[in-house]
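Since the structure comes first, as structure tokens, the remarks are kept for the end.
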Amino acid sequence: MAARGHVQDPNDRRLRPIYDYLDNGNNKMAIQQADKLLKKHKDLHCAKVLKAIGLQRTGKQDEAYALAQEVAALEPTDDNSLQALTILYREMHRPELVTKLYEAAVKKVPNSEEYHSHLFMAYARVGEYKKMQQSISAQDENLSKTMFLPLAERMVEKMVKEDKIEAEAEVELYYMILERLEKYKEALDVVRGKLGEKLTSELQSRENKCMAMYKKLHRWPECNALARRLLLKNSDDWQFYITYFDSVFQLIDESWTPPAEEEHSLEGEVHCSIEQAVNFIEERITEESKSSRPLRGPYLAKLELIRRLRHRGCNDEYKLGDPEELMFQYFKKFGDKPCCFTDLKVFVDLLPPSQYTKFIRQLLDVIPLAAAAENEVALPGDIKALQQHLCVVQLSRLLGIYHAMEKKQKLAVVRELMLRYRHGLEFGKSCLKTELQFSDYYCLLAVHLLLDLWLEGEEAAVWQCLTLLEEGLSHSPSNAQFKLLLIRIYCRLGAFEPVSELYSSLDAKHIQHDTIGYLLTRYAGSLGHYAAASQSCNFALRFFHSNQKDTSEYIIQAYKYGAFEKIPEFIAFRNRLNSSLHFAQVRTERMLLDLLLEANISTSLEESIKSMSLSPEEDDIPWKDLRDNRDLTVLFSWDPKDRDISEEHRKLSLEEETLWLRIRSLTLRLVSGLPTLGHTIQPKNSEKTAENGVSSKIDTIRALLQQLEAAVDSGKKFLEQKIQYPVLGPPPTRMAGFFSNGSCQCQTSLFYLVSDIYELDTNGLEDSAEIQERIGNSFKSLVERLTDLFNKCKGDLIEVRDGTLKTHPNLLENLVFFVETISIALWVSSYCDSVLRPFKSNLQKKKKKKKESSVAMPPVFTHFLDYVTELQTLTSNVIDHIKGLEIILTALKLEELSFKDTLLLQEEKKFTKTVQGKVQSSYHHSVQEIGELLKKRLDTIKKLKI
């Protein structure tokens, strides 16, 4: 509970038992104790608040709130009451009440620094809940530059003159103010001056700030001299090599020459020629050779300088040596380090393609490998040799040597890599379960080769991929790359069931729910695993919602401890997550999923939409600020540049995801508009319809429908480009399937039907023959379209061809789209029903009055009844089809498959059976869940009898 030891007050002694009961979770006793105390001391405000906390924790929120407001109305200023009320309001999730509390306290005790501090923190917290404060508008930005920042600057300057600046945080704050005011010269003077001596908490904090200001001021001589000086201190600091090279070439471009008499610059000697840069790097390498610990920086700097000289078209690169030889020497020195590959990856462009094979052979020649017999594979004798060999294999893949091979050669390489993988496991026998095996990369590289074969049409290769990955995972259960690849491949095959377990075993933390969550949420719902889809959306949404609370706390802590430079970072972080593409997608898909599973089944559509606070007019997606936070390189790739994921792929993927999100968001808003239309019961052209807002609701629906048409057109144009992403790049959206299987046309027609039914409702049955005919035709074409969609769901989900298994995930996705479309059809039919039912009862009343046996029934009733009957028949047929699929999937005896491929060892066959079993079970569950949902929908169709 609240810190209360410092209050030397008899009341504190009286309150202590209540605090203890609350701390121990004994809320009932706390309430009783508070009541006892209040009988004797009626004005002890804090006791009332503590009683309210007890009531809040026992679920009596209303009583707790009433008691709290009673005390708050008295505007208390004693510490105990204020702290207790703060705790209570926080538990009630009402932080805005804390601000009112401390505003009143500050008015009464204006000199209390503590209350001012609490009020400030309360404001910071509420900033999170006020949507307006989440994104600072350009106007505010302007205001901060013209008014707030100059004011802050003057306040800090006054402190400097009075020599009151003591803490490092105060210097940081002064630097931040000057930087934001773009007073870079003044900021530099602060850092270089006496105040800069206080910047000690971070390594090289002062130097880094100086460097940043020199760059802003384009003072390249100082940049160069400072980088040179820091490299003399530590020749392994890569960031300063980059600055050193940048500044050298800037000075060359500006034809800068050092002054004859004076110092070169504020920071000392400046290098301004290629000659000096070459000599400087050579000196660093000479120095490195004397070092007790080998340093990579100087050697890589030499390659970086060659790369830059080549890029600029200079002829001086020969002075530094041959890149191939330099890389070879680098490999000899650092080849046994796992970082060797990533270091050299950046510079392979310096090699001419004709030299690739020779270069790889040269590297292989220096690795100590020994073969047991003449024709056997030469294997490494220790971990160092294994690491060196692994580095060469990775480089071979990167240089495209494996890509150029034929199928037979590729399979031979796969065999060799798996042999090396299994041999390498010997070195990791003592590894813990949480550690990776030294030879894991061999297995991953073998899988990448098999994926190449699969894309070339070799169906069996994908099963071998899964087999090898499952085997790898059994030896290295913490290898995230194995799990991520398994997730991608299972999803490509349409099997979601094993994916949930794999993803949860990744133990994704915090921000990862945004960066890699797409691997899960993209496929969960679309493969018919509705329960798992709900769960995966919950994972992501829980993170996004807790982030909104947590970041406020981080900001408050940063204020408290003077870490001012972190505050803008936290605010930017919060805004980035609030504008996350993934967040918007998960929110939209989760609401559509909830409607699909519940609307008009367990609750009415109207209630479902109400509980989600959905409104067709409101669009809460920040379209202009959407941020793509997905990590598209989370899967390792050793592909050459032309086959790897490019910046262009990222842009296209973001465009596709945004288009698909727009279609889904508009669909959701259109569905949410159905209950708002209601039945008007107004006569033809009545003015009341405009007054009660219903006509404006239909205008909203029609406007949304136009937007949906436009979004669909944009989506179709996008798909005309026929973009192929790399196999491990971003997964494509469901948009292509949505258009090709006819769901799109069905859903759009349904929303147009709503508009027609509304027109019939306002015009009445008389003089509406044309509308009725239009509605009748819509019903007919809808049944035809839904039947076409069902025909695209027919076929075996899993089939055995020549002893190899082939899955058809597109059929599963079509089935899911069918269920969604039939659900929308039923929600629209319910609206039709609500309009036609009153018309029918009115007609029957007239019939009784006139006592006529044959009042002609308008055709719309027959059209609707025929339509509902056909919907019922169609849904029953789909349910029968699904039962048939279940029987086939259950009867499919996968273990009897003959494994043609003699590549599979006995132990691999065991994993293959596991993999195929998982896929079969996943399809079975998908079909079961889809079937169950359709049965519930069939029950709702049966109720549609006007």
Side-chain angles (χ1 to χ4, degrees), residues 131 134-135 484 487-488 491 503 506 508-526 533-534 536-548 550-551 570-594 612 614 618-635 645-669 707-708 710-712 714-715 717-719 721 723 725-726 728-738:
K131 286 276 183 264
Q134 283 181 355
S135 52
L484 289 165
I487 287 173
R488 282 303 297 270
C491 284
Y503 186 83
L506 277 170
K509 294 278 193 298
H510 199 67
I511 188 71
Q512 288 173 319
H513 287 300
D514 191 19
T515 56
I516 63 170
Y518 71 94
L519 295 170
L520 195 65
T521 52
R522 155 65 183 88
Y523 291 102
S526 63
S534 285
S536 58
C537 288
N538 281 349
F539 272 152
L541 289 174
R542 206 174 300 136
F543 157 67
F544 284 114
H545 292 314
S546 70
N547 153 67
Q548 292 175 352
D550 296 347
T551 11
F570 286 136
I571 292 170
F573 176 72
R574 182 173 70 192
N575 291 342
R576 182 170 181 167
L577 286 181
N578 287 340
S579 310
S580 161
L581 166 77
H582 186 232
F583 181 27
Q585 286 172 323
V586 172
R587 234 176 29 227
T588 306
E589 290 298 340
R590 175 65 217 253
M591 289 193 270
L592 280 167
L593 184 66
D594 283 352
M612 293 178 197
L614 265 175
E618 284 173 29
D619 183 7
D620 61 351
I621 296 173
W623 294 105
K624 285 182 181 172
D625 304 317
L626 275 183
R627 290 290 297 265
D628 186 1
N629 298 332
R630 294 174 301 163
D631 182 354
L632 298 177
T633 52
V634 66
L635 286 145
I645 178 169
S646 66
E647 202 48 50
E648 186 62 16
H649 287 134
R650 285 172 195 276
K651 277 184 194 159
L652 289 166
S653 173
L654 174 58
E655 189 185 338
E656 183 180 347
E657 294 287 351
T658 311
L659 283 168
W660 179 234
L661 173 61
R662 204 177 277 280
I663 290 170
R664 300 298 279 168
S665 165
L666 287 164
T667 306
L668 177 64
R669 286 169 68 195
Q707 288 177 43
L708 180 64
V712 166
S714 304
K717 271 183 196 148
F718 178 86
L719 291 175
Q721 300 174 65
I723 292 143
Y725 300 110
L728 300 178
T733 64
R734 300 163 63 196
M735 192 157 64
F738 181 62

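Keep in mind that this is a model prediction, so the values were computed, not measured. In this chain, residues are counted from 1 in sequence order.
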Within 45° cone and under 6.0 Å: R662 NZ/CZ vs W623 ring: yes

Any residue meeting side-chain hydrogen bond (donor to acceptor under 3.5 Å, both in side chains) with S714, in chain and number order, not counting sequence neighbours: none

Minimum heavy-atom distance between L652 and F718, given as atom pair plus value: O-CZ, 3.4 Å

Closest contact, heavy atoms only, P622 versus S579: CG-CA, 4.0 Å

Salt bridge (Lys or Arg N to Asp or Glu O under 4.0 Å) involving R587 - partner list, sequence neighbours excluded: D620

Any side-chain donor near an acceptor of the partner, R574 and N547, under 3.5 Å: no

Test side-chain contact (heavy atoms from CB on, under 4.5 Å) applied to F543 and L577, step by step: CA-CA 10 Å; F543 157 67; L577 286 181; 3.6 Å; yes

Intermediate values then yes/no, side-chain hydrogen bond (donor to acceptor under 3.5 Å, both in side chains), R590 and T521: CA-CA 10 Å; R590 175 65 217 253; T521 52; over 6 Å; no

Parallel, tilted or perpendicular: rings of F544 and F583 (30°, 60°): parallel

Donor + acceptor pair across side chains of S580, D514 (<3.5 Å): yes

Nearest non-hydrogen partners of R488 and G729, listed with the distance: NH1-O, 2.7 Å

Distance (rounded to the nearest 0.5 Å) between L520 CG and L506 CG: 9.5 Å

Taking every non-hydrogen atom, the tightest pair across M612 and M591: CE-O, 3.6 Å

Nearest-0.5 Å distance, CD1 of residue I645 to CD of residue E648: 11.5 Å

Evaluation steps, side-chain contact (heavy atoms from CB on, under 4.5 Å), between L581 and Y518: CA-CA 10 Å; L581 166 77; Y518 71 94; over 6 Å; no

L661 backbone acceptor or donor facing S665 side chain under 3.5 Å: no

CA sep, side-chain torsions, deciding dist, call: R664, L592, side-chain contact (heavy atoms from CB on, under 4.5 Å): CA-CA 8 Å; R664 300 298 279 168; L592 280 167; 3.7 Å; yes

side-chain contact (heavy atoms from CB on, under 4.5 Å) evaluation trace for L659 with M735: CA-CA 9 Å; L659 283 168; M735 192 157 64; 4.2 Å; yes

Interatomic distance, L632 atom CG to T515 atom OG1 [nearest 0.5 angstrom]: 10.0 Å

Side-chain ion pair, R669 and D619, N-O less than 4.0 Å: yes

Between CD on residue E589 and OG on residue S526, distance to nearest 0.5 Å: 8.5 Å

Distance-only side-chain donor-acceptor flag, T733 / R522, under 3.5 Å: no

T633 and D631 side chains, donor-acceptor separation under 3.5 Å: yes

NE2 on H649 to CD1 on I723, rounded to 0.5 Å: 8.5 Å

Rounded distance (nearest 0.5 Å) linking atom CD1 of I621 with atom OG1 of T588: 4.0 Å

